[in-house]
J.: 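For reference, the structure I am asking about is given below.
Convention: sequence-line order gives letters A, B, ...; per-chain numbering from 1. Heavy-atom basis, side chains included; hydrogens, waters and symmetry copies ignored.
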Amino acid sequence: MQEEYDATTVESHVQDLWNANDAFQVTEDETRPKYYCLCMFPYPSGSLHMGHVRNYTIGDVLSRYKRMQGFNVLQPMGWDAFGLPAENAAIKNNTAPAIWTYQNIDEMREQLQRMGIAYDWSREIATCTPEYYRWEQWFFTQLVKKGLAYKKMATVNWDPVEQTVLANEQVDADGRGWRSGALVERREISQWFLKITQYAEELLEETEKLDGWPDAVRTMQRNWIGRSEGVEFDFALADGELAGESAIRVYTTRPDTVAGVTYMAVAAEHPLTTHVAAHNADIQAFVEECKKSGTSEAAMEKLEKRGMPLGIEAINPVSGERVPVYVANFVLMTYGTGAVMSVPGHDQRDHEFAKKFNLPIKQVVQSTVEAVNVVDTAFTDKTNTVSINSDQFDGLDFEACFKATADFLAKEANGDKKVNYRLRDWGVSRQRYWGCPIPIIYDKDGNAHPVAEEDLPVVLPEDVAFSGVNSPIKEDPNFINTTVPGTNEPGIRETDTFDTFFESSWYYARYACPDANAMLDERANYWLPVDQYIGGVEHAVLHLLYARFFHKLMRDVGLIKSDEPFTRLLTQGMVIAETFYRDDDGKPEYFNARDLDLEYDDKGRISGATLKSDGKPVTVGRIEKMSKSKNNGVDPLEMIDRYGADTVRLFSMSDSPPHQSLEWKDGGVEGMNRFLRRVWREVSRLPAEASQHVFEQADLNDEQKSLRRKTHETIAKVTDDIERRYTFNTAIASMMELFNEASRFDDRSDSGFAVQHEAFSALVRLLSPFTPHIAHEMWSGLGYESALIDEAWPEVDEEALVRDTITLVIQVNGKRRAELAMSANASKEECEAAALAEENVVRNIEGKTVRKVIVVPGKLVNIVAN
RNA sequence: GCCGGAGUGGCGGAAUCGGUAGACGCGCCGGAUUCAAAAUCCGGUUCUGGCAACAGAGUGAGAGUUCAAGUCUCUCCUCCGGCACCA
């Protein structure tokens, strides 16, 4: 072992060794417990960023740790390869999306390999290959047959200039198309949906059981599913039938407030609105206006609450009063019945609308504990309340009134108790090119036929000229024209592709059997569920919910046996860094720190910065998530070149716990590099014969015992931090403590060397999941013949943890006044006596009476005196 | 608006079950080495007072429970994240 640590040499040497031995290839093995550790696979954008580094290092630490614990560990990697950026790049660079994507995959694979992560590369998957997507096409045809996939009209963003559908990401905050700048419109087209709502109840119930998931993610999923219990019932139309209907059906979670309904509101798409609009130009104009606004959340948010009276009245089934019906832009056709009863007294939104249109506000719920004035604001409490102004329901609390009204509505107004979900069926059609073709053929009457199993996959043509925004397959007769399955009739192919969440919803299962000649085979039941899943919290709802849904679908088709895909989930925080900018004309221009000269104040804080190229100052901005737009990214490859992958890995784990954000700091990286160089140096200086010496615990002196205790305390601490707490930062801190103590230890006796060798032997193994390359070399440096990846995780020697003496903290009235070294087995009385005799204690209780003495064995004595 | 999470030195953070607040790292200060610098090594570093021993203050603000509170309870403030016309 050389005395100077050279990361580049070490890392390429160790990686070659692993590669030559296929060190991380695994097969099913019933004799060992399995451990499937998975990181969310990347989109192949072409370059690795720090978020990837952090994500994959966490996975590798856990994988390597479990391997040393004796588990049969699977850690695969692949590519979420379909998606919009490939199309954007294609337009910009005039290359086919496939070529761009495969080139990026090659580049990123190389970059990833430099990090030395223990992947089983033989299982690599790219979702854009027909070998992968043919199975999801097959699966979709099964779902169509089971009625779990169906077609219906749905709203999309339509760019009137480009004459194309836009993804939500392609519509800016002002509701304009990204290329044309034209105002995006809403348009109804027929699209495919998966019936996730059929699984809403099971998904919700099992959310409660996912105790290996962060509470935040479970809460988000619960809210996203959004279960509510209420009643659906009719408001009869006051002047008889309209548009073939005699009533307006509504859904409410507050049947106890029906008496307070003073008006109603229906959606722009509601049949009643359409009926009235046919003879009323003003209403027609209003409906058109509603349809013009985009579907994006940003657009919805800005929407002002507006409405118009339809000139219709309905009868309140409880009060018998006539109430006017409005059309309003905030009523959603897709939730409930597309019509709502409005209770301005007890719903804030209804209250605002009532004020704006001068509608009556009626109080029907009274608080039993405070004064209520529904003229100013809605009263929405459901506890400590009684019903008033509600005839036979007066005097009931919320629960009783809910039940009584529901029973009444059941008899008098076609009422039905109903559970509603905020969750909608998952629209999987995308009018994009670079995705998996939906395997459907339409006959001349427009009926949909799933492509026959033997005709799969429907291959996406990759050799395409990409001229505009429109998908090239939509104009490709070779792709479109075919025959209807089972006939000789001409048929037309579906040209929409799947939402890319489709691919990422089942890839974790395919890794178990990437070469299977079926969607999955028995191997999936060996490896699944994933024991540990790691990725960004931005996927808390969509991806993680879709994957859970798919898992249940695959279970119900008989492909797998488990109910849930991911047993434990870790969501890592963002990687953040300083930003620097100039804002001369209202559009800030951001600069990367590498192009700046930074100034620091006397406390080491950044006080100013100037651009190297012109020497003029730039503004120091906030610390934000690394991104292209803020130009504050740090290139992982540059860091690996400078310090080595081990240093980069170690820093990414050391500075904060994984679920929190990590601030990238050059000084911190250098600190980790310094630490590794020190460990290397100490190990290289340890005499070769140190490994030969043995010791007997009973014969050790106090210093030797103390180092042994530190060694084994550290093993216990690091194990607990990785296994239970996920606090890799504190694990690293405690390894540094052990190193500091072991390197200061200067005892050249045989047993001294033996104890020191034990400390370094443990340290190297504890470090190995974090910094596997340097650990491998140091392991041989310590005189071991074996490869470190085949070693077992170090075990705690309980005997080494035993303390003869302990430090007792002495407090007077809760304030620390002294410390005492005591025998570890001293009695309570002895501790108390020693504490009361201590010099500084005597001084502090002088003139006071000791009221009470509290002894916490092994820790402290608190003397209460006044 | 609703639902989460978080506020601790100059900075990132530690304190795991109510028991020594500030581990570990960065930065800064001093020293050694050097012709000099970088690198490296050693020491110091919450604030105030003191040569020191030690004393006082201190975990966003305010109250409370307790022998003992960063940790538990209540009220409030600030920041971050998610959802947001869901009837």
J.: Quickly work out the A/Glu723 CD to B/U16 C1' distance and round it to whole Å.
T.: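 From A/Glu723 CD to B/U16 C1': 15 Å.
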J.: Quick one: is B/A14 close enough that its OP1 or OP2 comes under 4.0 Å of any side-chain N or O from A/Arg725?
T.: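 Result: no.
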J.: With the 90 degree cut-off around zero defining syn, does B/G9 come out syn or anti?
T.: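 Base orientation: syn.
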J.: Name the nucleic acid region contacted by A/Gln348, choosing base, sugar-phosphate or nothing; use a 4.0 angstrom heavy-atom cut-off, strictly under.
T.: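 Touches nothing.
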J.: Roughly how many Å is it from CZ in A/Phe651 to C1' in B/G13, rounded to a whole number?
T.: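 Rounded to the whole Å, the gap is 11 Å.
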J.: Applying a 4.0 Å non-hydrogen cut-off, can you work out what A/Val853 is touching in the nucleic acid: base, sugar-phosphate, or nothing?
T.: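 No contact.
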J.: Picking from B/C41, B/G19, B/A23, which would you name as closest to the side chain of A/Arg674?
T.: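 Selected nucleotide (nearest to the side chain): B/C41.
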J.: When rounded to the nearest 0.5 angstrom, what is the spacing between CZ in A/Phe728 and CZ in A/Arg649?
T.: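 Here the rounded value is 11.5 Å.
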J.: Measure the spacing between CG of A/Asp720 and CZ of A/Arg725 and express it to the nearest 0.5 Å.
T.: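 Going from CG on A/Asp720 over to CZ on A/Arg725, the span is 6.5 Å.
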J.: For B/A68, does either OP1 or OP2 sit under 4.0 Å from a side-chain N or O belonging to A/Arg816?
T.: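 No, outside the criterion.
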J.: Closer to the 5' end of RNA chain B via nearest nucleotide, is it A/Gly667 or A/Asn840?
T.: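 Result of the comparison: A/Gly667.
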J.: Using a heavy-atom cut-off of 4.0 Å across all strands, would you classify A/Lys625 as base, sugar-phosphate, or nothing?
T.: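 Nothing: the residue A/Lys625, judged by heavy atoms under 4.0 Å, touches no strand.
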J.: Could you tabulate the donor-acceptor pairs under 3.5 Å formed by side-chain atoms of residues 805-814 of chain A, not counting sequence neighbours?
T.:
residue  : atom : partner  : partner atom : Å
A/Asn813 : OD1  : A/Ala865 : N            : 2.9
A/Asn813 : ND2  : A/Ala865 : O            : 2.9

J.: Base, sugar-phosphate, or nothing: which does A/Asn740 touch, judged by heavy atoms less than 4.0 Å apart?
T.: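 Sugar-phosphate only.
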J.: Measuring from the side chain of A/Glu663 (C-beta onward, heavy atoms only), which nucleotide among B/G12, B/C83, B/A87 has the closest atom?
T.: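 Nearest nucleotide to the side chain: B/G12.
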J.: For a quick test of reading the model: is some side-chain N or O of A/Arg817 closer than 4.0 Å to OP1 or OP2 of B/U20?
T.: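 A/Arg817 to B/U20 OP1/OP2: no side-chain N or O under 4.0 Å.
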J.: Given the P atoms of B/C74 and B/U65, what is the spacing between them in whole Å?
T.: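 About 15 Å, rounded to a whole number of Å.
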J.: Students often get this wrong, so: under 4.0 angstrom with heavy atoms, is A/Thr252 touching a base, only sugar-phosphate, or nothing?
T.: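 It contacts sugar-phosphate atoms only.
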J.: So what does A/Glu670 touch, heavy atoms closer than 4.0 Å: a base, only the sugar-phosphate, or nothing?
T.: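 Answer is nothing: A/Glu670 stays at 4.0 Å or more from every strand.
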J.: Within the 4.0 Å heavy-atom criterion, would you say A/Val856 contacts the bases, only the backbone, or no part of the nucleic acid?
T.: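 Answer is base: heavy atoms of A/Val856 come under 4.0 Å of a base.
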J.: When the P atoms of B/A63 and B/G10 are compared, how many Å lie between them, rounded to an integer?
T.: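 Their P atoms lie roughly 24 Å apart.
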J.: When you look for runs of 3 or more Watson-Crick or G-U pairs in a row, both distances below 3.5 Å, which of them include RNA chain B?
T.: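 So the stems come out as B:1-7 with B:77-83, B:10-12 with B:24-26, B:27-32 with B:40-45, B:46-49 with B:54-57, B:60-64 with B:72-76.
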J.: By nearest atom, which of the nucleotides B/A14, B/A55, B/C11 is closest to the A/Pro657 side chain?
T.: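 For the A/Pro657 side chain, the nearest candidate turns out to be B/A14.
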J.: Grab the CG-C1' distance between A/Leu423 and B/C86 for me, whole Å please.
T.: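 In whole Å, B/C86 C1' lies 12 Å from A/Leu423 CG.
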J.: With syn defined as a glycosidic angle within 90° of 0 and anti as the rest, where does B/C35 land?
T.: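 Classified anti.
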J.: For B/U40, does either OP1 or OP2 sit under 4.0 Å from a side-chain N or O belonging to A/Arg677?
T.: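 For B/U40, OP1 or OP2 has a side-chain N or O of A/Arg677 closer than 4.0 Å.
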J.: Please tell me which of the listed nucleotides, B/A15, B/G25, B/C86, lies nearest to the side chain of A/Tyr335?
T.: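 Of the candidates, B/C86 comes closest.
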J.: How long is the line joining CG of A/Asp655 and C1' of B/C26, in whole Å?
T.: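 Distance check: A/Asp655 CG to B/C26 C1' gives 8 Å.
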J.: Nearest whole angstrom, please: distance from the P of B/U40 to the CH2 of A/Trp680.
T.: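 Atom CH2 in A/Trp680 sits about 17 Å away from atom P in B/U40.
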J.: Determine the minimum heavy-atom distance between A/Thr579 and A/Asn632, stating which atoms define it.
T.: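 Closest pair (atom of A/Thr579, atom of A/Asn632, distance): CG2-ND2, 3.6 Å.
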J.: Do A/Thr714 and A/Glu737 have side-chain N/O donor and acceptor atoms under 3.5 Å apart?
T.: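 Judged by distance alone, the side chains do not pair up.
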J.: Is the shortest distance from a Lys or Arg side-chain nitrogen in A/Asp215 or A/Arg218 to a carboxylate oxygen in the other one below 4.0 Å?
T.: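 Looking at A/Asp215 and A/Arg218, the cut-off is met.
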J.: Give the intermediate values and the outcome of side chain to side chain contact (heavy atoms under 4.5 Å, CB included) for residues A/Glu578 and A/Arg622.
T.: CA-CA 6 Å; A/Glu578 307 264 5; A/Arg622 291 161 34 118; over 6 Å; no
J.: Counting heavy atoms from C-beta on, name the nucleotide in B/C67, B/U20, B/C41 closest to the side chain of A/Arg681.
T.: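 Of all the options, the side chain of A/Arg681 is nearest to B/C41.
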J.: For B/G70 and B/A61, measure between their C1' atoms and round to the nearest Å.
T.: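 Between the two C1' atoms, the distance is 15 Å.
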J.: Taking atom CH2 of A/Trp224 and atom CG of A/Leu542, what is their separation to the nearest 0.5 Å?
T.: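 The CH2 atom of A/Trp224 sits 5.0 Å away from the CG atom of A/Leu542.
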J.: Using a 4.0 Å heavy-atom cut-off across all strands, classify A/Asn223 as base, sugar-phosphate, or nothing.
T.: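 Sugar-phosphate, backbone atoms only, no base.
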J.: Taking 4.0 Å as the cut-off, does a side-chain nitrogen or oxygen of A/Arg422 come that near to OP1 or OP2 on B/A84?
T.: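 Yes.
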J.: What nucleotide among B/C67, B/A15, B/A55 has an atom nearest to a side-chain atom of A/Asn844?
T.: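 Selected nucleotide: B/A55.
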J.: Just checking, any donor-acceptor pair under 3.5 angstrom between side chains of A/Thr647 and A/Asn673?
T.: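 Checked: A/Thr647/A/Asn673 side chains pair up, N/O donor to acceptor below 3.5 Å.
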J.: Counting side-chain heavy atoms from C-beta on, which of B/A39, B/G13, B/G19 comes nearest to A/Ser656?
T.: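 Given the options B/A39, B/G13, B/G19, the side chain of A/Ser656 is closest to B/G13.
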J.: When you measure from the side-chain N and O atoms of A/Arg227 to the phosphate of B/C86, is any distance below 4.0 Å, counting only OP1 and OP2?
T.: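 For A/Arg227, the contact criterion (side-chain N or O under 4.0 Å from OP1 or OP2 of B/C86) is not met.
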J.: What nucleotide, of B/C67, B/C86, B/G25, holds the atom closest to the side chain of A/Met672?
T.: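 Of the options given, the side chain of A/Met672 lies nearest B/G25.
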J.: Pick the closest RNA chain B nucleotide for A/Thr727 and for A/Ala733 by heavy atoms, then say which residue is nearer the 5' end.
T.: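 Looking at the nearest nucleotide for each, A/Thr727 comes out on the 5' side.
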J.: Does A/Lys852 put a side-chain nitrogen or oxygen below 4.0 Å from OP1 or OP2 of B/C67?
T.: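 True: A/Lys852 side-chain N/O within range (under 4.0 Å) of B/C67 OP1/OP2.
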J.: Base, sugar-phosphate, or nothing: which does A/Asp720 touch, judged by heavy atoms less than 4.0 Å apart?
T.: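 Base, at least one base heavy atom under 4.0 Å.
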J.: Return the value, rounded to whole Å, for the distance between atom NZ of A/Lys355 and atom P of B/C85.
T.: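 Result: 23 Å.
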J.: From A/Met736 CE over to A/Met672 CE, what is the distance, rounded to the nearest 0.5 angstrom?
T.: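 A/Met736 atom CE to A/Met672 atom CE measures 3.5 Å (nearest 0.5 Å).
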J.: Take the protein atom CG of A/Asn673 and the nucleotide atom P of B/A38, then report the distance between them rounded to whole Å.
T.: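 Computing the A/Asn673:CG to B/A38:P distance gives 18 Å.
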J.: To the nearest 0.5 angstrom, please state how far the OG1 atom of A/Thr711 sits from the CZ atom of A/Phe760.
T.: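 Between atom OG1 of A/Thr711 and atom CZ of A/Phe760 there are 9.5 Å.
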J.: From B/G13, B/G4, B/C83, pick the nucleotide closest to the side chain of A/Ala216?
T.: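 Of the candidates, B/G4 comes closest.
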J.: Checking contacts here: which listed nucleotide (B/U40, B/A87, B/U16) is nearest the side-chain heavy atoms of A/Lys717?
T.: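 For the A/Lys717 side chain, the nearest candidate turns out to be B/U16.
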J.: With heavy atoms under 4.0 Å as the rule, sort A/Gly226 into base, sugar-phosphate or nothing.
T.: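 Since no nucleic acid heavy atom lies under 4.0 Å of A/Gly226, the category is nothing.
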J.: Taking OP1 and OP2 of B/G13, is either one under 4.0 Å from a side-chain nitrogen or oxygen of A/Gln660?
T.: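 The answer is yes; a side-chain N or O of A/Gln660 sits under 4.0 Å from OP1 or OP2.
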J.: Find the distance A/Glu538:CD to B/G4:P and express it as a whole number of Å.
T.: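 These atoms are roughly 22 Å apart.
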J.: Ring centroid separation for A/Phe651 and A/Trp664, is it under 6.0 angstrom?
T.: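 Here the rings of A/Trp664 and A/Phe651 have centres that are less than 6.0 Å from each other.
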J.: When all nucleic acid strands are considered with a 4.0 Å heavy-atom cut-off, which category describes A/Arg744: base, sugar-phosphate, or nothing?
T.: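 No contact at all - A/Arg744 keeps every heavy atom at 4.0 Å or more from the nucleic acid.
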J.: I'd like to know if A/Arg424 reaches the base of B/C86 with its side chain such that a donor and an acceptor end up less than 3.5 angstrom apart.
T.: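 Yes.
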